[in-house]
Structures are given as structure tokens and as C-alpha cells.
Protein chains: 2
Amino acid sequence: MSSAHSPSSGQNATAASGSGVSSPTFSPLYQQIKRLILQGLQSNEWRPGELIPSEMELAARFGVSQGTVRKAIDELAAENLVVRRQGKGTFVASHLEARSQFRFLRLKPDVGEAHYPDNTIIEARRVRAPADVARQLEIKTGDSIIFMLRMQSFDGAPTILEELWLPSAIFKGLSVERMLAYKGPMYALLETEFGTQMLRATESIRAVAADERSASLLKVPVHSPLLSVQRVSYTYGDKAVEVRRSFYVTNDHYYHNELS
Amino acid sequence: MSSAHSPSSGQNATAASGSGVSSPTFSPLYQQIKRLILQGLQSNEWRPGELIPSEMELAARFGVSQGTVRKAIDELAAENLVVRRQGKGTFVASHLEARSQFRFLRLKPDVGEAHYPDNTIIEARRVRAPADVARQLEIKTGDSIIFMLRMQSFDGAPTILEELWLPSAIFKGLSVERMLAYKGPMYALLETEFGTQMLRATESIRAVAADERSASLLKVPVHSPLLSVQRVSYTYGDKAVEVRRSFYVTNDHYYHNELS
DNA sequence: CAGTGGTCTAGACCACGCT
DNA sequence: GCGTGGTCTAGACCACTGC
């Protein structure tokens, strides 16, 4: 990086090529830097909650200006992958922190403050992936997965009935016993034990009628309307790592969404 | 803006004070610039779909560098208030454009492509604001508002039953006849006729049982589960301008949401 | 070709958090 | 006081659009 912008194309070629004659694949320098930092995150060079190197350090390491690193980090921060703190540095985002606790829990009480629900595990075992779950997880039907059925209650009122599936291949060594013993947020467990972070998710939301099992567990009449939320969560590289099917009782709570 | 950063504090003082001894109220220059551009948008100096002045022009007008204007516009673009187009300029966002058509319509079909539904107005008239609606619109109970009940169908299948309320005070001259005659997206009508743009909205989502009227209109059995979506829409200055209560039939459609 | 937004640099100073 | 991210500037060149 001697002067102006001319070396940029050199940098570009260096970082983007690798395989001779392939498609153009040009991208701005800061996007390449972003990708490099992303690799560091994905490879657990810096773990959740930890400090990543300062902008100056990264600029020196990658041979670009601080401004270019800054723009790369700006995007990572916008995607909630890192958190900037003035005077301290830039940290890898973590599900263990209080303020990211509710990022994936959109159910709010009609009155009072949101808080994390009590958690009762009804069932947890290793099963073979059903076809529909396998498809969403991009694994093969019949592959080993961990299945869990749990109930979440607010102030003693059963509110969320939740089935979830986790591919055994990703969470090697995750034991059913460990899951049965754990009471906190699932994403925190997966992050601390496996370094697998849920970064984003898509949800399909419907209204459905409670079947007998759901009704009995949630203590509502059969055929009561329930909010059905089907979620697929992704980690780095848009890799699907969890399927979750939840049924929310929305009598005293509502699913909150912001459109913009 | 002669040199370095020193004039910034002067600029700061100029733009942020006004009322003598009040609280610090300091803010970065680019935030002040953003606010100035926002005023131009709000005052319809540039209308939806129109080009705003170039970064260079704005920089000259406000006496700051292009980079500062750029950062201000970056934020406005991130909030979907303006759209940048390389080589052309920066445009005021508009609900009339194809790509912002589905920004507020989150219902997707299980199969096939999303498209805009057919629209049947069942009822439209001027009424006195009920207490709950008035509270959400931050107006007084009993104030005049326009009420509308409409049905939206996909491929002939009734899918969305929707009540909406618009304060008469904001949409002066909006006639019931005009609304009855109009078939397209409501937000486009309000934008073209009144220059009032919906910028963001909050939604409260629940599962409810169809009452007799809803069931009959939506052609589903009474007590069928329906997705209830209660929306409050806001324009510039976080001013509430619409309350909308919708009931979605989620048999062949689902409400799509992305978490990140 | 001129004009627009997009990228990149280098260097300055500010605000904050720690020690 | 020093190191961090945050703001601001000035100036260069690139990529795209339309005349």
C-alpha cells in the first residue's frame, strides 16, 4: 500500500484470485478485509466476548489504511457480529451478554417488563432426522440429530411449547444428559460448549389450532389458537444449525415486530 | 469550515444551541447534517422519488466536507429514507417503487411468488376515534378519523381482513369516495395525495379465533385460528399516522420474519 | 465527456476508559 | 497519559450513468 489507490488493484488480485481464469470476483478492499476478519471469527481466532485487535493493528496486519478496516468493521457491527465500544475496543458478539439475550425472543408481555422464562425440558433424545427437518438443516434424512421438547413459562404460566432439532454432526459430544441439566438460553449453551454462534434466523409464523398434546401441556382448551413459529437458525457461512418449532400462547403476550 | 476539526465545535454550538443554558445537546457534525437533510425530506423540499442534491452540493451548502455529508446520507439510506444509485444520485424513497412494495407486506405464499393481492373495500366512513385507537394515534378519543374495512385476496382466495384508521386531521380532504375508488396499496395513495410517507411500523402479532363476522368474510369456519396483526405506522418525527388491525388466514400463506 | 456515488488514503483531533 | 474507537477533512482515483 504505497500510494493512492493504484495498489488496491494489486491487493484485489492477490486476495480475490487463487484459481486462475475464474469469474471476475473483484470486490472492494474493505469487503476483502471484512472477509478476512470474518474468517478469524469463524475459526475462533477470537472467541465470543473477546476483544479483537484494534483497527490500527488490523490495518497494519492487512497493509491497508485504518479507514478501510473501519469500514469493514462497521459492516460487521451492523450485522451484530461484533460490538464496538469506544475507548475499549471491538468485541466479538456473544449470546451470553445481557443485551443480546432478547435478540431472538420476540414474545413480550402485555403488561410489565420482558424477562427470560423458566425452562422445563419434557424430553430430549437422539433421533433420526425426519425428512422435513433434514431438508431445512441441509442434512440427509435419517442422519442422527438431537431432539428436544421443552416448555417455557412466564411467572408460572406455561406459554411456549418448543420442539428443537440439532444435528449431531455439528454438536458432537452434546449429551442428552447435558441438555436435560441445562436451564438457561439454549444459544448460550451451544456457544460456550461448541463455539457455534447463532447469527441470524428466519421464521415462518402462522396461527394454528392446539392439538391435544399441545393443549394439555400448555393448559389451554383443545383447538385454542396458538402462534406457530417455525425457525431455522444459521451460523457463519449461512450454515443452518437448528430447527425450532414453537407454539406460543398469545393471551397475555404478543410477538413484537418492527418494520422499517 | 476552514481547517481541521476546530471549527466543528463552532458549528456544533451554532446548530445545537438556540436556547441558552439548556443541556449539553452536543452531537457530531454528521448527525446535524443528517437532521438538516431530514428536515428537507419532511418539509417536502424534495418529494418521494425525486433526486436530492449531490453530496458535493450539500457539502458546499452546509459548509462541511463531502465525507461528512456522505456519513449523514449513509445513515438515511440505512433507514430506508433515501436510496443511493451510483452514477445517478440519491433519491427520496417512495412506496410507489416496485422494490419497496413488499416492505410492509410480510405474508408469503407457501408455494410460488409473492404478489400484491386484490383489494375489496367493504366499508369506508368517517367515525369518531375509539379510545384505544386514539391512544395509539396520539389523538383525542372522539376525534374524527377515517375508518376502513377491506378484504384482500390472493388468486381469488380471501386471505386478509383488515380494519384501518387514519386521523382526519392528517389526511385533510381525503374523501371516503376516493378511498372506495382506489384499489392499490394504501401507502402509495397516502404518499401521492398527501405527501405522508410511512417510514416504519411496529406490529403486535397474536393467534386468535375467528369471530362470526371474520369467519364469514374470510370463508373459514368460526373459531378458526387467525393471525392477528396490529400495526401502528409512523412518519417523520415518529408521528403515528395509521392504526391497522389485520387478520390473516395462514393456511396457504405464512408471515415471514428475519431475525438478526 | 462530465457528473454522480463508491473506495481508499493519510493525518488530525475528540471522547472515552483505564491505569 | 495512553490506547481505543469516533469524527472530520482533503484529495485522489474508480465505476457507473447518461449526454
Side-chain angles (χ1 to χ4, degrees), chain A residues 1-16 24-35 37 46 50-60 62-78 82-93, chain B residues 1-16 24-35 37 46 50-78 82-92:
Chain A
M1 288 291 134
S2 38
S3 80
H5 186 248
S6 44
S8 154
S9 24
Q11 191 79 10
N12 233 318
T14 313
T25 330
F26 282 108
S27 73
L29 236 194
Y30 77 88
Q31 288 286 359
Q32 301 174 40
I33 302 302
K34 181 183 171 187
R35 213 170 301 132
I37 299 174
W46 316 293
E50 282 181 15
L51 197 57
I52 73 171
S54 74
E55 295 177 353
M56 282 307 220
E57 257 177 272
L58 290 170
F62 298 132
V64 301
S65 76
Q66 186 195 10
T68 300
V69 171
R70 166 167 291 274
K71 181 141 189 183
I73 295 180
D74 277 345
E75 291 206 349
L76 294 171
V82 299
V83 178
R84 320 187 74 140
R85 287 189 227 167
Q86 185 173 149
K88 299 176 81 172
T90 301
F91 297 79
V92 183
Chain B
M1 289 289 139
S2 38
S3 82
H5 185 248
S6 43
S8 155
S9 24
Q11 190 78 12
N12 230 320
T14 313
T25 331
F26 281 108
S27 73
L29 235 196
Y30 78 88
Q31 287 286 1
Q32 302 174 38
I33 302 301
K34 181 183 171 187
R35 213 169 302 131
I37 299 174
W46 317 293
E50 283 180 13
L51 196 58
I52 74 171
S54 74
E55 295 177 353
M56 282 307 216
E57 255 176 273
L58 291 169
R61 176 191 303 194
F62 299 133
V64 300
S65 77
Q66 188 196 9
T68 300
V69 171
R70 166 168 290 275
K71 180 141 189 183
I73 295 179
D74 276 345
E75 292 207 350
L76 294 171
V82 299
V83 178
R84 321 187 73 139
R85 287 188 226 168
Q86 185 175 142
K88 300 175 81 170
T90 301
F91 298 79
V92 183

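Values below: all heavy atoms of this structure, side chains included; hydrogens, waters and symmetry mates excluded. Note that this is a predicted model, so its numbers are computed, not measured. Numbered from 1 within each chain, the chains take letters A, B, ... in sequence-line order.
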If you restrict it to nitrogen or oxygen atoms, what contacts under 3.5 Å exist between nucleotides 3-5 of chain D and the protein, and what is each distance?
{"from": "D:dG3", "atom 1": "N2", "to": "A:Gly87", "atom 2": "O", "distance (Å)": "2.9"}
{"from": "D:dT4", "atom 1": "O2", "to": "A:Gly87", "atom 2": "N", "distance (Å)": "3.1"}
{"from": "D:dG5", "atom 1": "OP2", "to": "A:Glu55", "atom 2": "N", "distance (Å)": "3.0"}

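- Distance, A:Lys71 NZ to C:dG5 P: 14 Å, rounded to whole Å.
- Atoms CG (B:Asp74) and P (D:dT7) sit 12 Å apart, rounded to a whole Å.
- With sequence neighbours excluded, the residues forming a salt bridge (charged side-chain N to carboxylate O under 4.0 Å, His left out) with B:Arg84 are B:Glu55, B:Asp74, listed by chain and number.
- Distance, A:Leu58 CG to C:dC8 P: 16 Å, rounded to whole Å.
- For B:Val82, the side-chain contact (heavy atoms from CB on, under 4.5 Å) test picks out B:Leu41, B:Ile73, B:Leu76, B:Ala77, B:Thr90, with sequence neighbours left out.
- Across D:dT7, C:dT9, D:dA10, the shortest atom-to-atom separation from the side chain of A:Thr68 is found for C:dT9.
- In this structure, CD1 of B:Ile37 is placed 11 Å from P of C:dG5, rounded to the nearest angstrom.
- B:Glu50 is linked by a salt bridge (charged side-chain N to carboxylate O under 4.0 Å, His left out) to nothing, counting only residues two or more places apart in sequence or in another chain.
- Applying the side-chain contact (heavy atoms from CB on, under 4.5 Å) test to B:Gln86 and every residue at least two apart in sequence or in another chain returns nothing.
- B:Phe62 places its CZ atom 17 Å from the C1' atom of D:dC8, with the value rounded to the nearest Å.
- Between A:Arg35 and A:Ser27 the shortest side-chain heavy-atom distance falls below 4.5 Å.
- Between the P atom of C:dA15 and the CD atom of B:Gln31 lies a distance of 15 Å, rounded to the nearest Å.
- Residue B:Ile33 contributes atom CD1, which lies 20 Å from atom P of D:dG6 at whole-angstrom precision.
- By the side-chain hydrogen bond (donor to acceptor under 3.5 Å, both in side chains) test, B:Arg61 pairs with B:Glu45, sequence neighbours left out.
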